[in-house]
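First the proteins, then the strands, lettered A, B, ... as listed; each starts at 1. Every heavy atom of this structure was used, including side-chain atoms; hydrogens, water molecules and symmetry mates were not.
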Amino acid sequence: MLTSRPRGTEDILPEEVGRWYLLEATAREVSRLYGYREIRTPVFEHTELFNRGVGDTTDIVEKEMYTFTDRGGRSVTLRPEGTAPVVRAFLEHHLEAGGLPVKLFYLGPMFRYGRPQAGRLRQFHQFGVEAFGSRDPALDAEVIALAMDFYNRLALKDLELHLNSVGCPACRPRHREKLQDYLRPRLQELCPTCQGRFERNPLRIFDCKSPVCQEIVAGAPTIAASLCPDCGEHFERVQEYLQELGIDFILDEHLVRGLDYYTNTAFEIMVKGIGAQSSIGGGGRYDGLVEALGGKPVPGIGFGLGLERVLLALEAQGRDLRPDGGIDVLVVTAGAGVERAAVRLLASLRAGGLKADKDYLGRSLKAQMKHANRYPAKLAVILGEEELSRGQVLVRRLDTGTQEEVPLEAAVEYCHRVKETCGG
RNA sequence: GUGGGUGUAGCUCAGUUGGUCAGAGCACCAGGUUGUGGCCCUGGGGGUCGUGGGUUCGAGUCCCAUCUCCCACCCCA
């Protein structure tokens, strides 16, 4: 249909746009407080960037990308996430030249093809940060703190921060082998899905809801036990810093990042009450990514969080984020020959910093008043022929219904004063 | 990609076993108050009943297909 939007997309209507201002303003404010600077990258990139940067074997690349061939025959893709493009820009513009670390944040739409459901859209919006150039666990803690600070400023409650370390390319394979060795004897008992996971991603078996799989996996070796000394030390210190910052977390063995580029810290923030998709943000360290995309080995860490899901959570928690769509003054005309004065007064009201409007449909006085009430406007300035001939106008309060005659030249100042005493 | 549900005025919905079934409330507009809103009363505009086929003398009501939205799975934000 010509009059319906593409599946999985949303129009953000005037009614709702105020809450987006709030999210975006909060994101920018908190980012700058932590020393992160905004970067805006294109919404589409060469497909190859995501194949390499996100990973050929991920669901994102295998079945969720909006990929098409442009008129020049190049394959381009609507960005499904923000990290790869930021890394690309970091390399393309040699941002390390300004000195490390480089701390960036972004805000914008992402695209993933899939069946929409609660908290899942084809076009959605993310706020994310990326910090390049340091392996310091204090930076891991900072990035996590920044995310939590964002939620807190919005007064989001009942969050769970899940934390894990996925090790490094040196120790992760060891853990995987240990896990497979442990599971192999009982492989046949696992549910069909998990039998498939055994080779591909054994860590995900921890997430299985099947009681049998749960029981089997209960005594499995933990990744903590397999971390190499460096990774173990790093993980310990991240936890120490988080405690230092007063940030509660839950150690979660099940938290995984699929790719080799991802190292050490992995975290995810969950909230209940927004449907089956309870993750409202996540991130981690990717010390191998910059190199994988053709740069020198520069470590990095970041997060991405879904703004629609944050909004869902805020609504589920009863936060009223509806913006005020009202105005201060509606200029109302009564009688003939006052239109020019009305246009002039409207301009002065606006010039004087008052939110003001007038009727443009030639409506009756009564209809204009009704309009003022519905807008809603705090005040109605009524221009009547008779009063105007004496240089006067009527200023009516919509809340109390009282009105007063004031000189035209004093109207702006008068409205300014009176509107402050109106409710709201 | 897989599965279940859904689709009637701008919005929320009613519509019995296929035969005045095209309706209600809210919203909108006008009038009641020839220069004044919020309450009330009266009247009015507005719908190819998601779309396309089919069954039937006749379908919003039955069948098929398709699309949408919702929910869940996979996975993720």
Open item on the list: Whether A:K358 engages the ring of A:Y360 as a cation-pi pair (distance to the six-membered ring centre under 6.0 angstrom, angle to the ring normal within 45°) should be assessed.
Closed with: yes
Open item on the list: What's the gap between B:C11 and B:C76 when it is taken at their P atoms, as a whole Å value?
Closed with: 37 Å
- [ ] Would you mind telling me which residue lines up with the more 5' stretch of RNA chain B, A:P6 or A:R309, judged by nearest nucleotide?
- [x] A:P6
TODO: To the nearest Å, give me how far apart CZ (A:R120) and P (B:C74) are.
DONE: 10 Å
Task: Distance in angstrom units between A:D59 CG and B:U2 P, rounded - done: 15 Å
- [ ] Rounded to whole angstrom, note down the P distance from B:C28 over to B:G10.
- [x] 15 Å
Open item on the list: One character per nucleotide, please: for nucleotides 31-45 of chain B, 5' to 3', B when the base has a protein heavy atom closer than 4.0 Å, S when only the sugar-phosphate does, - otherwise.
Closed with: -B--BBBB-------
TODO: Can you tell me the distance, in whole Å, between the CD atom of A:E15 and the C1' atom of B:G10?
DONE: 13 Å
Task: Under-4.0 Å salt bridge between A:K272 and A:D158 - done: no
- [ ] Please report, rounded to the nearest Å, how far the P atom of B:A77 is from the CD atom of A:E81.
- [x] 9 Å
TODO: In whole angstrom, give me the gap between the C1' atoms of B:G50 and B:C70.
DONE: 15 Å
Open item on the list: I'd like to check A:L293 versus A:R88 (side-chain heavy atoms, cut-off strictly below 4.5 Å). Are they in contact?
Closed with: no
Open item on the list: How many whole angstroms separate atom CZ of A:R7 from atom C1' of B:G7?
Closed with: 14 Å
Task: A:D357 and A:R350 ion-paired at < 4.0 Å - done: yes
Open item on the list: Does the structure show a Watson-Crick or G-U wobble partner for B:U2, both distances under 3.5 Å? Name it, or say none.
Closed with: B:A72
Task: B:G15 and B:G23, which share atom name P, separated by this distance in whole Å - done: 16 Å
TODO: Using the P atom on both, measure B:U6 against B:A24 and round to a whole Å.
DONE: 26 Å
- [ ] Between A:Y113 and A:G281, just flag the one whose closest nucleotide in RNA chain B comes earlier from the 5' side.
- [x] A:Y113
Open item on the list: Looking at B:A72, I'd like to know if its phosphate oxygens (OP1 or OP2) sit under 4.0 Å from a side-chain N or O belonging to A:Q117.
Closed with: yes
- [ ] Would you mind classifying the nucleic acid contact of A:A118 as base, sugar-phosphate or nothing, using non-hydrogen atoms under 4.0 angstrom?
- [x] sugar-phosphate
TODO: Confirm from the modelled atom types if A:R115 and B:C74 form a donor-acceptor pair under 3.5 Å, side chain to base only.
DONE: no
Task: B:C39 - base-pair partner by Watson-Crick or wobble geometry, distances under 3.5 Å - done: none
Task: Same-atom distance (P) from B:G7 to B:U33, integer angstrom - done: 45 Å
Open item on the list: Are A:V418 and A:V395 packed together at the side-chain level, in the sense that at least one heavy-atom pair is separated by less than 4.5 angstrom?
Closed with: no
- [ ] Please collect all side-chain hydrogen bond (donor to acceptor under 3.5 Å, both in side chains) contacts where either partner lies in residues 138-151 of chain A, sequence neighbours excluded, each pair once.
- [x] A:Y34-A:D149, A:Y36-A:E142, A:K103-A:E142, A:D140-A:H234, A:D140-A:T265, A:D140-A:R285, A:D149-A:R153
Task: Derivation of the side chain to side chain donor-acceptor pair (under 3.5 Å) call for A:T77 and A:T67 - done: CA-CA 4 Å; A:T77 295; A:T67 297; 2.9 Å; yes
Task: A:Y106/A:F127 aromatic ring centres below 6.0 Å - done: no
Task: Proximity to RNA chain B (any heavy atom under 4.0 Å), residues of residues 272-280 of chain A only - done: A:G275, A:A276, A:Q277, A:S279, A:I280
- [ ] For the pair A:E386 and A:R390, find out whether any cationic side-chain nitrogen is under 4.0 Å from an anionic carboxylate oxygen.
- [x] yes
- [ ] For nucleotides B:U20 and B:G43, find the distance between their P atoms and express it as a whole number of Å.
- [x] 25 Å
Open item on the list: Check A:E38 with A:R32, please: is the shortest side-chain N to carboxylate O separation under 4.0 Å?
Closed with: no
Task: Side-chain ion pair, A:E177 and A:R184, N-O less than 4.0 Å - done: no
Open item on the list: Once hydrogens and angles are ignored, does a donor-acceptor distance under 3.5 Å link the base of B:C74 to the side chain of A:K63?
Closed with: yes
- [ ] Check the distance between B:A77's P and A:Q126's CD and give it to me in whole angstrom.
- [x] 7 Å
Task: Sugar-phosphate only, base, or nothing, as touched by A:L121 at under 4.0 Å among non-hydrogen atoms - done: base
Open item on the list: Tell me the interatomic distance from A:R122, atom CZ, to B:C76, atom P, rounded to whole angstroms.
Closed with: 19 Å
Task: Pairwise C1' distance for B:A27 and B:U12, with rounding to whole Å - done: 11 Å
Open item on the list: What's A:G8 touching, base or sugar-phosphate or nothing? Going by heavy atoms closer than 4.0 Å.
Closed with: sugar-phosphate
TODO: May I have the distance from A:M65 (atom CE) to B:A77 (atom P), rounded to whole angstrom?
DONE: 15 Å
